[in-house]
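Working notes, structure below.
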Protein chains: 2
Amino acid sequence: MPRTIQENRQPSQLDVARAAGVSAQTVSRVMSGQPNVRPATVRRVLAAVDELGYRVHAAAVSLASGRTRVLGVIAVSTARYSSGALSVGIETIAAAEGYTVTTALVADHASPDAFLDAFDRLERQGAEGVILLAPVTFLDNAIGARAERTPTVLMHRLTGGIGTDTVVDQAAIARMATEHLLSLGHRTVWHVSGDDYWVESRVRRQAWEQVLTEHGITPPPVIPADWTPESGYRAGRTIAAIPGATAVFVSSDEMAFGVIRALHESGRAVPEDVSIVSVDDIALAAYAAPALTTVRQPFEAVGKAAATAVIDMVEHREPRPFEAIHPELIVRASTAPPRSA
Amino acid sequence: MPRTIQENRQPSQLDVARAAGVSAQTVSRVMSGQPNVRPATVRRVLAAVDELGYRVHAAAVSLASGRTRVLGVIAVSTARYSSGALSVGIETIAAAEGYTVTTALVADHASPDAFLDAFDRLERQGAEGVILLAPVTFLDNAIGARAERTPTVLMHRLTGGIGTDTVVDQAAIARMATEHLLSLGHRTVWHVSGDDYWVESRVRRQAWEQVLTEHGITPPPVIPADWTPESGYRAGRTIAAIPGATAVFVSSDEMAFGVIRALHESGRAVPEDVSIVSVDDIALAAYAAPALTTVRQPFEAVGKAAATAVIDMVEHREPRPFEAIHPELIVRASTAPPRSA
DNA sequence: TTGTACGCGTTATCAT
DNA sequence: ATGATAACGCGTACAA
């Protein structure tokens, strides 16, 4: 005898079948809600299920059916606000469609290999689709092969290439922010950027430059930061030392808190001396001092769109026409016309 | 013939075995790093693995071995800061121990049934251990049966009962905050509570009451809120209308932003007129105006401890002696002695 | 050191 | 409407 048969195992389909006086196949039909089972039989089976405490064994289903209904998410492990909100959107849709979500975390500033490892872990787990909540331009080539066999959606991707784009138009965000400041009468707009590891940081900077150029303004040098409030604070000290600076486009609300603190410490009032527009509209944005004028990103909606897109791909549904998700400028108290205006 | 054999399927262990000229068993040994395989054989197998692009099929492993190495996390879908940081800790340990993490989200203010559903989804997925990132006192009875068969750790649980407690001592947090304010010379301390759906909100309130009582002070009425900055703002307006209020223990940093804004609008200066201590030490706490004095919770460490605890249970290791994770009072600018002192 | 023969719990296929 | 049987891909036990 090759193996001792376990005694105290979980009840299986066959146990239920015996208890209900039917075949295992009938139990299978009942559990997966197939038609062509007599109501009376269904009741008997369900009664047995209930009595034995039977639960479907996902691994067995997966092995037999070839389907796992598992979605993988690759995320960068930062405490940035966006991740949480995106996840909620993804999980909501996944649960509604009967999918389970497995997450693989990757360190911030990790190499492409770390992302591929994460991808492999998810594939081993049987992920039928993958959502990449990460900066990926540098991954395009590497990820290509896997995206061919496993439906993949890239969240931080902007145009073309692999996968479906479900992302908010980051260039539009930068344009809205910059043009708002110009329309108030500011002669130029400075920019505190995010971490260039993330695509959106680069895209926003380019769009900001372009808007200025279109208005005949030579873009001032970028003030680099890394998304954290601390880095925003350092950027703020730099700005405070620039006499002519009256308007700043800051690439995240969290950094804006730091910028404002630094300006305040240097005796520059916001918005009287310097106007600030940031990005995200986190819950605290309205409670900054002054309340932040910011470009809202509808993160949860984005998460939902991403999940819907992967599931469509997984189920070979016709991919729905891409619905743009629009950012929105929320004007609060951190912007005003310049003093001279 | 019962079933058409798939043609374009993924390579299996047997395919690798044939390509390498060994048996499937040898491939299994190589893949799981077992000893007693000749180096030359290992090389041949790995070469075949590489060539065919073979990957272990998790469902098959699970079915054959009875192990999934899957950890389940039940979380409440809020945008609160803590969830993200906790998850990072959990995933870090899980990955290091070779486990995968699956998440099941539950709506805020959901009924116990919703949690049980989530638990069931995770068990169906084969979760060998479950971490409940949720308020659970009202779940103790309901969850009991499942916690018996599936190792479970409750994050928001404080003493005794099911599971292992890995949580920060919430009563200690309230005590540190309240005593800090009293030691500055304030005659009493008001309290803006979190949402009572969450255990820590109730525990902190009780501890705050107790500290006051120990000092011979009759606790003033609680000012209820719900963790959001908006609710903090409303609580702040209430406090502003109380002439004698000079010190407030606010149950989260996010609410503290709202409280401060309301006080400021009412002409009460922080900390000159009113001192504020809050809880969490989120990244923005140091960038509030004024910078928040707050009790820091080491969320990532808590997440790590929780993951370690479940894995210990899953692997039937001796549960390590419970290491308390201590909160820490961070004194910044939102507290000062009262004017009269 | 390596190979053979089940068995894990379910679904697909065909037969009744 | 229901049942019998093979097959999914791998690990375990044992033999060689």
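Computation of the quantities below employed the complete heavy-atom set of this structure, encompassing side-chain atoms and omitting hydrogens, waters and symmetry-equivalent molecules. Quantities reported herein were computed from a predicted structural model and do not represent experimental measurements. In what follows, chains are A, B, ... by sequence order, proteins preceding strands, each numbered from 1.
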Of the listed C/dT10, D/dC10, C/dT11, the closest approach to the B/Val61 side chain comes from D/dC10
The side chain of A/Thr26 lies closest to which of these nucleotides: D/dT2, C/dG3, C/dT10? D/dT2
Do the non-hydrogen side-chain atoms of B/Ile325 and B/Phe299 ever get within less than 4.5 Å of each other? no
If you check the B/Ser23 side chain, which of C/dT4, D/dA4, C/dT10 turns out closest? C/dT4
When rounded to the nearest 0.5 angstrom, what distance separates CE in B/Met31 from CG in B/Leu46? 7.5 Å
Axis deviation across the helix from C/dT1-D/dA16 to C/dT16-D/dA1, five-pair ends, to the nearest 10°: 30°
What residues from residues 27-48 of chain A pass a heavy-atom cutoff of under 4.0 Å to DNA chain D? A/Arg29, A/Asn36, A/Val37, A/Arg38, A/Thr41
What is the distance, to the nearest angstrom, from the CG atom on A/Leu63 to the C1' atom on D/dA6? 13 Å
Checking contacts here: which listed nucleotide (C/dT10, C/dG3, D/dG3) is nearest the side-chain heavy atoms of A/Val22? D/dG3
Using the test salt bridge (Lys or Arg N to Asp or Glu O under 4.0 Å), find all partners of B/Glu128 that sit at least two apart in sequence or belong to another chain. B/Arg67
Check every atom of C/dC8, C/dT10, C/dT11 against the side chain of A/Ser65 and return the nucleotide holding the closest atom. C/dT11
Is A/Lys304 close to A/Glu300 at the side-chain level, that is, under 4.5 Å between some pair of heavy atoms? yes
Is A/Glu97 paired with A/Arg317 through a side-chain N to carboxylate O contact shorter than 4.0 Å? yes
Considering only heavy side-chain atoms of B/Ala64, the closest of D/dG11, D/dT12, C/dA12 is D/dG11
Of the listed nucleotides C/dA12, D/dC10, D/dC8, the one nearest the side chain of B/Ala60: D/dC10
